[in-house]
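In the text below, chain A, chain B and the rest are named by the order of the sequence lines, each starting its count at 1.
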Amino acid sequence: MKIATWNINGIKARLDTTLGWLREAEPDVVCLQEIKSVDEGFPVDPFESLGYNVATHGQKGFNGVAILSKRPLEDPKRGLDGAPDDEQARYLEGVISTDAGVVRVASIYLPNGNPVESDKFAYKLAWADRLIRRAEELLALEEPVVLAGDYNVIPDPIDAKRPEAWVNDALFQPESRAFYRRLQALGYTDAVRATTDAACYTFWDYQAGAWQKDNGIRIDHMLLSPQAADRLEAVTIERDVRGRDKPSDHVPVVATLSV
DNA sequence: ATGGTGGCTGTGCCA
């Protein structure tokens, strides 16, 4: 099974770009972030025409996540527990059954958190704590679990072309990096780092020629429970997608699992 | 170099 995660930066502006990559890569499951659409506004039909079931958790204007899956998404869960007044749409989880078993998938859009001195950074860390609690609950199920999404965390200096440029940014704060390590200490595996030690990026800013200079960062991650890590066969970062027409500023990350 | 670009919104906010 090919499972992908991709921050598309707006489904309306990215519809053709997204459909084009789906036709070519033919992933079984795609976790989308930043759909920037309410559920009723998401263009379901073209994805269903490609054979996908569509589940969304959207909001007006910003944020919003979705899961596309060739098989039905069972038991969908929208949002994380622990903050009933939080209206930001950043988490969608569900179960996919195959002939070889089940896999639980979550589409995650962790808050950016900039600027660090603002309440946005506190919100980021609080949201990360709520994700840790969910991740702990999921580990207890002893299922293959894939926590996929835009984490807005640069884990290590190797994950940025110019790490010195990010030292005051929320994405590279010690607290943000500690959260990411804590997830791994619980037992989750960084799928990219399970397959390579090389520098590789998933995001290049639209500004200042970042793509042309390869001034990128690795912030889109797939974290695997032990049962999922045991089934990991391959991981790719679809870097060339960034150089196409009307690109998102992020590219897809794809993991192949033997489920 | 306190800019730069892009999406969605609504005359600015967010990334």
Side-chain angles (χ1 to χ4, degrees), chain A residues 5-21 30-44 46-47 56-66 79 86-92 107-128 131 148-155 159-173 175-177 179-180 201-221 238-239 241-253:
Chain A
T5 181
W6 192 9
N7 179 325
I8 52 170
N9 190 19
I11 187 58
K12 295 176 195 69
R14 212 70 61 213
L15 184 58
D16 290 341
T17 305
T18 306
L19 293 169
W21 182 75
V30 188
C31 298
L32 299 176
Q33 298 87 39
E34 282 206 271
I35 63 171
K36 295 187 174 181
S37 166
V38 293
D39 293 335
E40 315 82 74
F42 193 96
V44 170
F47 294 100
T56 60
H57 180 40
Q59 68 177 92
K60 189 177 180 183
F62 310 111
N63 307 324
V65 290
D86 184 359
E87 293 180 348
Q88 298 194 30
R90 298 178 174 277
Y91 186 88
L92 174 61
S107 183
I108 291 164
Y109 181 45
L110 206 125
N112 174 293
N114 278 305
V116 172
E117 303 75 23
S118 73
D119 55 3
K120 291 180 183 177
F121 188 58
Y123 174 71
K124 174 180 192 151
L125 298 180
W127 201 95
L131 178 60
D150 176 359
Y151 280 72
N152 272 311
V153 174
I154 301 167
D159 298 309
K161 176 78 163 191
R162 301 183 60 235
E164 70 278 10
W166 297 92
V167 292
N168 294 317
D169 196 285
L171 279 58
F172 198 46
Q173 288 309 292
E175 296 93 330
S176 305
R177 298 175 60 194
F179 147 74
Y180 196 74
Y201 313 129
T202 66
F203 168 93
W204 296 260
D205 202 297
Y206 288 122
Q207 303 178 73
W211 167 243
Q212 289 75 13
K213 297 175 194 166
D214 193 27
N215 181 15
I217 51 177
R218 189 174 74 94
I219 56 175
D220 299 273
H221 306 301
E238 304 279 306
R239 190 187 151 89
V241 170
R242 183 64 178 81
R244 299 183 186 177
D245 288 340
K246 289 269 292 176
S248 170
D249 40 7
H250 299 249
V251 298
V253 180

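- Considering only residues two or more places apart in sequence or on other chains, A/Gln173 meets the side-chain contact (heavy atoms from CB on, under 4.5 Å) condition with A/Val116, A/Phe121, A/Glu175, A/Ser176.
- For A/Trp211, the side-chain contact (heavy atoms from CB on, under 4.5 Å) partners two or more places apart in sequence, or in a different chain, are A/Trp204, A/Arg239, A/Arg242.
- A/Asp220 meets the salt bridge (Lys or Arg N to Asp or Glu O under 4.0 Å) test with no other residue; sequence neighbours excluded.
- Separating the CD1 atom of A/Ile11 from the P atom of B/dT9 is a distance of 14 Å, rounded to the nearest angstrom.
- If you take CG of A/Asn7 and P of B/dC8, they are 12 Å apart, rounded to a whole angstrom.
- Note on residues 107-121 of chain A: no pairs pass salt bridge (Lys or Arg N to Asp or Glu O under 4.0 Å), not counting sequence neighbours.
- In this structure, CG of A/Asp249 is placed 12 Å from P of B/dC8, rounded to the nearest angstrom.
- For the pair A/Leu110 CG and B/dA15 C1', the computed distance is 14 Å after rounding to whole Å.
- The stretch residues 211-220 of chain A does not touch DNA chain B, since none of its heavy atoms comes less than 4.0 Å from the strand.
- Within the nucleic acid shown, A/Phe203 has no heavy atom closer than 4.0 Å to any nucleic acid atom.
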Under 3.5 Å, which protein N or O atoms sit close to an N or O of nucleotides 2-6 of chain B? Give each pair with its distance.
residue: B/dG4; atom: N9; partner: A/Gln207; partner atom: OE1; Å: 2.9
residue: B/dG4; atom: N7; partner: A/Gln207; partner atom: OE1; Å: 3.2
residue: B/dG4; atom: N3; partner: A/Gln207; partner atom: OE1; Å: 3.3

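- The distance between atom CG of A/Asn63 and atom C1' of B/dT9, rounded to the nearest whole Å, is 14 Å.
- When the side chain to side chain donor-acceptor pair (under 3.5 Å) test is applied to A/Trp21, the partners found at least two apart in sequence or on another chain are A/Glu238.
- Distance check on atom P: B/dG6 versus B/dG10 gives 22 Å, rounded to whole Å.
- The same atom, P, is picked in B/dG3 and in B/dT9; the two are 27 Å apart, to the nearest Å.
- Summarising the geometry, the separation between CD1 on A/Ile8 and C1' on B/dG7 is reported as 11 Å, rounded to the nearest angstrom.
- Using modelled atom types, one finds a donor on one side chain and an acceptor on the other under 3.5 Å when comparing A/Asn9 with A/Tyr206.
- Classification of the A/Tyr180-A/His221 ring pair by plane angle, with boundaries at 30° and 60°, yields tilted.
- When rounded to the nearest whole Å, the span between CG of A/Asn114 and C1' of B/dC13 equals 14 Å.
- On the P atoms, B/dA1 is 29 Å away from B/dG12, given to the nearest whole Å.
- Rounded to a whole Å, the NE2 atom of A/His250 is 12 Å from the C1' atom of B/dG7.
- In this view, A/Trp127 satisfies the side chain to side chain donor-acceptor pair (under 3.5 Å) rule with no residue, not counting sequence neighbours.
- Annotation: of the two residues near DNA chain B, A/Gly61 and A/Asp150, the 5′-most nearest-nucleotide partner is A/Gly61.
- Applying the side-chain contact (heavy atoms from CB on, under 4.5 Å) test to A/Thr17 and every residue at least two apart in sequence or in another chain returns A/Trp6, A/Arg14, A/Lys246.
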